[in-house]
K.L.:
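Attaching a single structure in C-alpha cells format; questions to follow.
Since this is a predicted model, take the numbers as computed values, not measurements. So that the names make sense, note that chain A is the first sequence line, chain B the second, and so on, each numbered from 1. No hydrogens, no waters, no symmetry mates; every other heavy atom, side chains included, goes into these values.
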Amino acid sequence: MSFVDQSIQIGSLYLKNPVLLASGTVGYGNEIAQFTDMSKLGGIVTKSLSLKPRKGNPPQRIVETPSGMLNAIGLANVGVEVFIKEKIPFLKELDTTIICNIAASSIDEYVECTKILNSVDIIQAFEINVSCPNVKEGGLIFGNDLNSVGRITEKVRAVTKKTLIIKLSPNVSRIADFAKVVKDEGGDAVSAINTLVGTAIDIWTRKPKIKNVTGGLSGPAIKPVALAKVLEIKRKVDIPIIGIGGIMNWKDAIEFMIAGASAIQIGTVNFINPNAGVEIVEGIETYCEKCSIGKLSDIVGSYQI
Amino acid sequence: MSFVDQSIQIGSLYLKNPVLLASGTVGYGNEIAQFTDMSKLGGIVTKSLSLKPRKGNPPQRIVETPSGMLNAIGLANVGVEVFIKEKIPFLKELDTTIICNIAASSIDEYVECTKILNSVDIIQAFEINVSCPNVKEGGLIFGNDLNSVGRITEKVRAVTKKTLIIKLSPNVSRIADFAKVVKDEGGDAVSAINTLVGTAIDIWTRKPKIKNVTGGLSGPAIKPVALAKVLEIKRKVDIPIIGIGGIMNWKDAIEFMIAGASAIQIGTVNFINPNAGVEIVEGIETYCEKCSIGKLSDIVGSYQI
Amino acid sequence: MYIEKARVDSIQTLVPNTYLLKVFSPLIASKIKPGQFCNIKVSETDYPLLRRPFSICEVDGNYLHFMFDVHGEGTRILSSKIIGDEIDILGPLGKGFTYDGVYKTAIIIAGGIGAAPFPYLVESLPKDKEVHCYIGGRSKNNIIDYGMKNISVSTDDGSLGYKGTIVELFKQEYEKFKKDSVSIFACGPNPILKALQEFTIAKNIDCQISTECAMACGFGICQGCPIDNADGDGYYLVCKDGPVFDARMVRL
Amino acid sequence: MYIEKARVDSIQTLVPNTYLLKVFSPLIASKIKPGQFCNIKVSETDYPLLRRPFSICEVDGNYLHFMFDVHGEGTRILSSKIIGDEIDILGPLGKGFTYDGVYKTAIIIAGGIGAAPFPYLVESLPKDKEVHCYIGGRSKNNIIDYGMKNISVSTDDGSLGYKGTIVELFKQEYEKFKKDSVSIFACGPNPILKALQEFTIAKNIDCQISTECAMACGFGICQGCPIDNADGDGYYLVCKDGPVFDARMVRL
Ligand SMILES: Cc1cc2nc3c(=O)[nH]c(=O)nc-3n(C[C@H](O)[C@H](O)[C@H](O)COP(=O)(O)OP(=O)(O)OC[C@H]3O[C@@H](n4cnc5c(N)ncnc54)[C@H](O)[C@@H]3O)c2cc1C
Ligand SMILES: Cc1cc2nc3c(=O)[nH]c(=O)nc-3n(C[C@H](O)[C@H](O)[C@H](O)COP(=O)(O)OP(=O)(O)OC[C@H]3O[C@@H](n4cnc5c(N)ncnc54)[C@H](O)[C@@H]3O)c2cc1C
Ligand SMILES: Cc1cc2nc3c(=O)[nH]c(=O)nc-3n(C[C@H](O)[C@H](O)[C@H](O)COP(=O)(O)O)c2cc1C
Ligand SMILES: Cc1cc2nc3c(=O)[nH]c(=O)nc-3n(C[C@H](O)[C@H](O)[C@H](O)COP(=O)(O)O)c2cc1C
Ligand code: FES
Ligand code: FES
C-alpha cells in the first residue's frame with residue numbers, strides 16, 4: 001500500500017515512476033523480462049535504431065575498468081523495419097512506457113527514422129542519440145557540435161508531436177549550452193549523460209583492449225561526472241532532464257533527482273542485476289516515506305546550495 | 001644491477017626515470033619523504049603555487065566516490081615567497097628533479113610567478129596549471145578556452161628558458177587542439193590530465209558533499225578517460241606528453257607510456273601508498289627486463305593500432 | 001533463468017592455481033545442462049563491477065560445481081571464498097552441448113582450464129556412448145583429469161604424456177577412431193580450437209567447441225560478445241547463441 | 001611513521017554494531033600515543049580507494065586495538081576480517097592528547113563511538129591523576145564502557161543513566177569538580193563537542209577535543225582536512241595539527 005506519488009510528467013510524456021532502462025542496456029526488452037517485472041518500471045528505452053540494420057563493431061567490444069566498463073558496440077541493431085515487425089509485438093505486451101532511441105549518420109536519417117516510427121502507436125517518446133562515441137559517422141561529430149545538435153532537434157521536432165528527448169554527450173566543456181539549444185529548437189527534454197570516451201591498452205600486446213580503439217565509459221566510475229553535468233544543466237537551463245550515469249541503486253537515483261533529474265535511466269547495472277530497476281522503484285518508495293515526501297517530483301532539483 | 005635505461009628527455013629536462021609525483025598530492029615533499037626514497041623517483045611536481053598565499057576552500061574538501069575521489073582544495077598554498085624561503089631548502093636536499101607547478105587567476109600572475117621562480121636554480125621545469133576545476137577565477141575559464149591557453153603559453157614562454165609544461169583540462173571535446181596550441185606557442189610538453197569536474201550530493205541533507213559544490217575527480221575511475229586523452233594527443237600532435245590520471249601501479253604506468261606518454265605522474269595513489277612511486281619504478285624495470293626492452297623511451301607511443 | 005544466492009559448500013585446489021567450488025543452488029541445478037554457464041558475482045560490493053562467466057563443471061543434486069583458474073582479481077576473490085559464504089549466481093545461460101545424436105564415441109578435447117565443462121558432459125552422455133578424453137596442459141602440474149575417463153595426455157613441455165599440443169596428439173591418434181562415428185567436444189585456448197576446427201572441417205567430423213569472449217551481461221542485452229559467423233558477414237552472440245557452437249558455424 | 005602489514009589477532013563485538021579489533025603491529029605499537037590515529041586500508045584491492053582513519057584505542061605490547069562502529073562499506077569490510085587476515089596500517093598519525101600537565105582530575109567525555117580513544121588515555125594517565133568518565137549514547141545498548149573507569153552515563157532515550165546528552169549531564173555535575181583543577185578530554189559527535197567547547201571556554205576550563213574530518217592521506221599531503229582556527233582566518237589540518245586540539249584553538 002503506497003501513498004507516494006512517483007509519477008513524472010516530461011512534456012506530454014507521463015511516467016508512472018522515474019525509473020527507465022537505458023538504451024543499449026536492455027536490447028528490445030525480451031531478454032531482461034525473464035528477470036524483472038517490467039510493468040513496475042517507468043519505462044524502457046530501446047537500443048539505438050538506425051534506418052538500416054547495423055552489424056556493429058568487431059570484437060572485443062567490452063572491457064572492465066575500475067568501477068566501470070568500456071563498450072564499443074557500434075550501434076549494432078536490427079534497423080527500423082525489423083524493429084517494427086519483430087520487436088514491437090513483444091513491447092506491446094509489456095505494460096510499460098516505450099521510448100524509442102534513434103541513432104543516425106546524417107540529419108536526414110534521423111528525420112526519416114523518426115517519421116517511420118512516429119506512426120507506431122506504442123512508441124510514446126523519442127530519444128535522439130547524438131552522442132554515441134563508438135561510430136565513425138554521426139555520433140560525437142554531431143554530439144560535440146552545438147550547431148548540429150540544434151539542427152537535429154529542429155528537423156526531428158518538425159516531424160513528430162511525441163515527446164522529443166535529446167541525449168547529450170558529456171565530452172564537452174559546457175553541456176548546458178547544448179541543453180539550451182535543444183530547448184530553443186523545441187526539444188522537450190535532454191538525457192544526460194551518454195558515455196565518456198575512454199580506452200585501455202594491453203601492455204603485453206600493446207594493442208587497445210577494444211578493437212574500436214576507444215570505447216564509452218559507463219558505470220559507477222562516471223557517476224560524479226554525470227551528476228555534475230545534470231546539476232550544470234539544471235542551474236542554467238529550464239528544461240526537464242533525464243539523469244543517467246553510474247546509477248546502481250535507489251540512493252544514486254535520488255541523488256540525481258535532487259541534482260535536477262526529473263527521471264533517471266539505468267544502464268550498466270542491468271548487466272549485473274537485471275532486477276535493479278524494480279529495486280530502485282521500491283527503494284525510492286521507502287525513502288519518500290521516511291522523508292514524508294508525498295509527491296516524488298517535489299524533490300527534483302531540490303539541492304541546497 | 002639494472003641494465004634498463006629508464007631515462008627520459010622532455011625538452012631540456014632530463015629525468016632519470018619517468019615517474020613523477022603529481023602536483024597537489026605531495027605538498028612540497030617533506031611529509032611524503034618519511035615514507036619513500038624520493039631520490040629514486042624521476043621527480044616531483046610541487047603543489048600549485050600562486051603569487052600570494054591562498055587559504056583554499058572551506059571544508060568539506062574531499063569525498064570518496066567509486067574507485068575515485070573528488071577534491072576541491074581550492075589551490076591552498078603558501079605563495080611563491082614563502083615557498084622560496086621555507087620549502088626550497090628542503091627540496092634542495094632531495095636529489096630528485098623539481099618541477100614547479102603554477103596556478104594563477106590572471107595571465108599576468110602566471111608570468112609574474114614564473115619570473116620570480118625562474119631564478120631558483122633547483123627548479124628545473126614549470127608546469128602551468130590552467131585546468132584547476134575548483135577555483136572561481138582562472139582554472140577552467142582558462143583551461144577550457146583555446147585562446148587563453150595559447151596566450152598563457154606564449155607569455156610564460158617569453159620569461160623562462162626552463163622546460164615549460166602546460167597541464168591540460170580533460171573537460172573539453174578535443175584536447176589535441178589544446179596540445180597543438182601549446183606546441184605552436186612554444187611550450188615544451190603537455191601534462192594530461194587534470195581532474196574531471198564531478199559532484200556528489202547527500203540525499204538526506206540535499207547538500208553537495210563538497211562545500212565548493214563541484215570538485216575534481218581523480219583516481220582509477222578516470223584512468224580510461226585519461227588514457228584516451230593521451231592517445232588522442234599522441235595521434236594528432238607531435239609534442240611530449242606527461243600522462244596523469246588514475247595510475248595505481250607499474251602496469252598502469254606502462255599503459256600510459258604505450259599510449260604516448262613520455263613520463264607519468266601519480267597523484268591519488270600517494271595518499272594510499274606513499275611508496276607507490278618507487279614501486280612503479282621497480283615494476284617498470286622488471287617489465288622491461290621481461291620484454292627485453294633496453295631503453296624505456298622506446299615504448300613511448302608504441303601502441304599497435 | 002534465475003538469480004540465486006548460493007551458499008559455498010566446499011572449495012578445494014585441484015592442481016596448483018585451479019579450484020573446484022561447490023555451492024548449494026537448487027534452482028539452477030535443476031535446469032542447467034552440460035556446456036551452459038553461469039555468470040557469477042564474485043563480491044558483495046560493486047567491485048569488481050561485472051559478473052564473471054564460468055561453465056558448469058558438474059551437478060550433484062542441489063549442488064553446482066565450478067572449476068576455475070585464478071586469472072585476475074575476480075577469480076582471486078572467488079578462490080578466497082570460505083564455506084558458508086554466499087555467492088550471487090545468474091544462470092543457466094547460453095546453449096550447451098548437443099550430445100544425444102547418432103554417434104558411437106564421444107571424444108573430449110580439453111586444453112588447460114578448458115577441462116571445466118567436461119565432468120558434467122561425461123556424466124550426462126547416454127550410457128551407450130564410448131568416451132575418450134584428450135587432456136592437454138603446459139606441464140604435468142597443469143593436467144586436470146577431474147571427472148574424466150579414458151584419458152590421453154599431452155603437455156607442452158613433455159613432462160607427462162605426449163610432448164606437444166593436445167590437438168596434435170589427437171590428430172595422430174585419430175586413425176583409431178576413423179571407422180567409428182565420432183562426435184568431438186572441445187574447449188580450451190583459441191589456437192587449439194582453431195587447429196581442431198580446421199582439422200575436423202577438413203575431415204568432416206562433427207565437432208562442437210565451447211568458446212569464450214569478454215561478457216558484460218551474459219544473457220543477450222549488452223551485445224558485448226560477438227563472434228564471427230562462418231561467412232564473416234554477421235555475428236552470433238557467444239552468451240546466447242553459444243558458448244557452444246558447431247565448429248562449422250563460426251570463425252575463430 | 002610506518003606502513004605495517006598487521007595480522008588480525010582477534011575481533012569481537014563490544015555492543016551491537018561496535019567492534020574491537022586487535023592486530024599485531026609492533027612498529028606502530030612502539031610509537032603511538034593516546035589520541036593519535038592510524039589510517040587503515042580495509043581491503044587488499046583498490047576498492048574502497050581510500051584508507052579509513054581510526055583512533056588508537058589501546059596498546060598492549062606489540063598489539064594495537066581499534067574500536068569502531070560499522071558506518072558504511074569500509075567499516076563493514078573491516079568488521080568481516082577474520083583471525084590471520086593481514087591489514088595494511090599507516091601510523092602513528094597526528095597529534096594526540098597532552099595529559100601530563102598540572103591538573104588533578106582528568107575528565108573524559110565520550111559520545112557514542114567517541115569512546116574509542118579513551119581506553120589508551122585512561123591507561124596512560126599519570127598515576128597521580130584522578131579519572132572520571134562521562135559516557136553518552138543513544139540508548140543503553142550503545143553505551144561503550146570498555147576500558148573506562150569511574151563512570152557516569154547518559155542516554156538520549158533515558159534507558160540508562162541521565163536522560164539527555166552527556167554534556168548536559170557533565171554540566172550539571174561540574175559543581176563537584178569545581179574546586180579542583182581539572183582537564184577535560186572529549187570525543188564524539190560535533191554538536192556535543194560544540195556544546196562542551198562553549199561551556200569550557202566560558203568557564204575557562206582546560207579542554208582538549210578529538211575532531212573528525214574526511215581525510216584522503218592522513219599525513220598532510222592532500223590538504224583535504226581543514227578545520228577553522230579560532231579566529232576564522234585560516235585553517236589547521238585535522239590530520240597533522242590535530243586530530244586533538246585545545247578547545248580554544250578551533251571553530252567547530
Ligand atoms: C562462457 C564462458 C565460460 C567460462 N568458463 C570458465 C571456467 O569454467 N573456468 C574458468 O576458469 N574460466 C572460465 N571462463 C573464463 C573466466 O570467465 C575468466 O577467467 C574470468 O572472467 C577472469 O576474471 P578475473 O577477474 O580473474 O580476470 P581479469 O583479467 O581481471 O578480468 C577482467 C575482465 O576480463 C574478463 N575476462 C578475463 N578473462 C576472460 C576470459 N578468458 N573469458 C572471458 N572474459 C574474460 C573478466 O570477466 C573481466 O570482465 C569462461 C569464460 C566464458 C566466456
Ligand atoms: C582522526 C579520526 C579518527 C577516527 N577514529 C575512529 C574510531 O576510532 N572509531 C570509529 O568507529 N570511527 C572513527 N573515525 C571515523 C571513521 O574514520 C569513519 O567511520 C570511517 O571512515 C567510515 O568509513 P566507511 O567506509 O564505513 O563509511 P563511508 O561513509 O562509506 O565512507 C565514505 C568516506 O567518508 C569518510 N568518512 C565517513 N565517515 C567519516 C567520519 N566520521 N570521519 C571521517 N571520515 C569519514 C570515509 O573515510 C570514506 O572516505 C575516525 C575519524 C577520524 C578522522
Ligand atoms: C553496452 C552499452 C551499450 C550502449 N548502447 C547505447 C545505445 O545504443 N544508444 C544510446 O543512446 N546509449 C547507449 N549506451 C549508453 C547508456 O544508455 C548510458 O547512457 C550509459 O551507459 C551511462 O549509464 P550507466 O552508467 O548507467 O551505464 C550504451 C551503454 C552500454 C554500457
Ligand atoms: C587532493 C588533490 C589536490 C590536487 N591539487 C592540484 C594542484 O594544486 N595543481 C594541479 O595542477 N593539480 C592538482 N591535482 C590534480 C593532480 O595533480 C592530478 O592531475 C589528478 O589528481 C589526476 O591524477 P590521479 O588520478 O593520479 O590523482 C590535485 C589532485 C588531488 C587529488
Ligand atoms: S554478454 Fe551481453 S550480450 Fe552477450
Ligand atoms: S588528510 Fe590529507 S592533509 Fe589531512
Side-chain angles (χ1 to χ4, degrees), chain A residues 63 65-70 133 140 143-145 169-174 196-208 213-215 217 219-232 235 246 248 250-259 287 290-291 299 302-305, chain B residues 63 65-70 133 140 143-145 169-174 196-208 213-215 217 219-232 235 246 248 250-259 287 290-291 299 302-305:
Chain A
V63 62
T65 67
S67 296
M69 63 175 278
L70 290 166
L140 290 187
N144 290 351
D145 179 55
S169 164
N171 306 287
V172 299
S173 305
R174 285 187 307 273
L196 286 160
V197 177
T199 194
I201 295 173
D202 184 303
I203 62 169
W204 304 108
T205 64
R206 302 192 192 173
K207 287 187 188 153
V213 182
T214 59
L217 184 63
I222 69 168
K223 197 187 82 170
V225 175
L227 263 176
K229 298 284 184 192
V230 168
L231 187 63
E232 180 191 334
R235 293 173 93 180
M248 296 297 282
W250 66 267
K251 287 183 197 163
D252 296 337
I254 294 286
E255 209 177 339
F256 271 86
M257 296 190 77
I258 293 172
Y287 170 83
K290 254 192 211 154
C291 299
I299 73 165
S302 65
Y303 48 78
Q304 305 288 318
I305 293 184
Chain B
V63 61
T65 67
S67 296
M69 64 175 277
L70 290 166
L140 291 187
N144 290 351
D145 179 55
S169 164
N171 305 286
V172 299
S173 305
R174 286 188 306 275
L196 285 160
V197 176
T199 193
I201 295 175
D202 184 304
I203 62 168
W204 305 107
T205 64
R206 302 191 191 173
K207 286 189 188 152
V213 183
T214 59
L217 184 64
I222 70 168
K223 195 187 83 170
V225 174
L227 263 176
K229 299 285 184 192
V230 168
L231 186 63
E232 180 191 335
R235 294 174 94 180
M248 295 298 283
W250 66 266
K251 288 182 196 162
D252 296 336
I254 294 286
E255 210 177 339
F256 271 86
M257 296 190 76
I258 293 172
Y287 170 84
K290 255 192 208 154
C291 298
I299 73 163
S302 65
Y303 48 78
Q304 305 289 317
I305 294 183

K.L.:
With a 4.5 angstrom heavy-atom cut-off, which part of B:S169 approaches chain A: side chain, backbone, both or neither?
P.N.:
neither
K.L.:
Checking B:S302 against chain A: side chain, backbone, both or neither under 4.5 Å from a heavy atom?
P.N.:
both
K.L.:
With a 4.5 angstrom heavy-atom cut-off, which part of B:L231 approaches chain A: side chain, backbone, both or neither?
P.N.:
side chain
K.L.:
Could you list the residues that satisfy salt bridge (charged side-chain N to carboxylate O under 4.0 Å, His left out) with A:R174, not counting sequence neighbours?
P.N.:
A:D177
K.L.:
Please list, chain by chain and in numerical order, all residues satisfying side-chain hydrogen bond (donor to acceptor under 3.5 Å, both in side chains) with A:S67, sequence neighbours excluded.
P.N.:
B:S67
K.L.:
Do A:I305 and A:R235 have side chains that approach each other closer than 4.5 Å (heavy atoms only, starting at C-beta)?
P.N.:
yes
K.L.:
Determine the minimum heavy-atom distance between B:A221 and A:A221, stating which atoms define it.
P.N.:
CB-CB, 3.7 Å
K.L.:
Between B:L70 and chain A, with a heavy-atom cut-off of 4.5 Å, which part of the residue counts as in contact: side chain, backbone, both or neither?
P.N.:
side chain
K.L.:
Checking heavy atoms, do the side chain of B:L227, its backbone, both or neither come under 4.5 Å from chain A?
P.N.:
both
K.L.:
Specify which of A:V63, A:I299, A:D252, A:D145 makes the most heavy-atom pairs with chain B at under 4.5 Å.
P.N.:
A:I299
K.L.:
Taking every non-hydrogen pair under 4.5 Å, which of B:C291, B:G198, B:P224 racks up the most with chain A?
P.N.:
B:P224
K.L.:
When only pairs under 4.5 Å are counted, which of A:V225, A:I203, A:N171 shares the most heavy-atom pairs with chain B?
P.N.:
A:I203
K.L.:
With a 4.5 Å limit on heavy-atom distance, are the side chains of B:K223 and B:F256 in contact?
P.N.:
yes
K.L.:
What part of B:K290 gets closer than 4.5 Å to chain A, counting heavy atoms only: side chain, backbone, both or neither?
P.N.:
side chain
K.L.:
Contact part of B:I254 toward chain A, heavy-atom cut-off under 4.5 Å: side chain, backbone, both or neither?
P.N.:
both
K.L.:
Is A:V213 close to chain B through its backbone or its side chain, or both, or neither, when contacts mean heavy atoms under 4.5 Å?
P.N.:
side chain
K.L.:
Could you check whether any side-chain heavy atom of B:S173 comes within less than 4.5 Å of a side-chain heavy atom of A:V172, counting everything from C-beta outward?
P.N.:
yes
K.L.:
Using every non-hydrogen atom in the two residues, find where A:D202 and A:T205 come nearest and quote the distance to one decimal.
P.N.:
OD1-N, 3.0 Å
K.L.:
Would you check if the side chain of B:E255 reaches a backbone N or O of A:I201 as a donor-acceptor pair within less than 3.5 Å?
P.N.:
yes
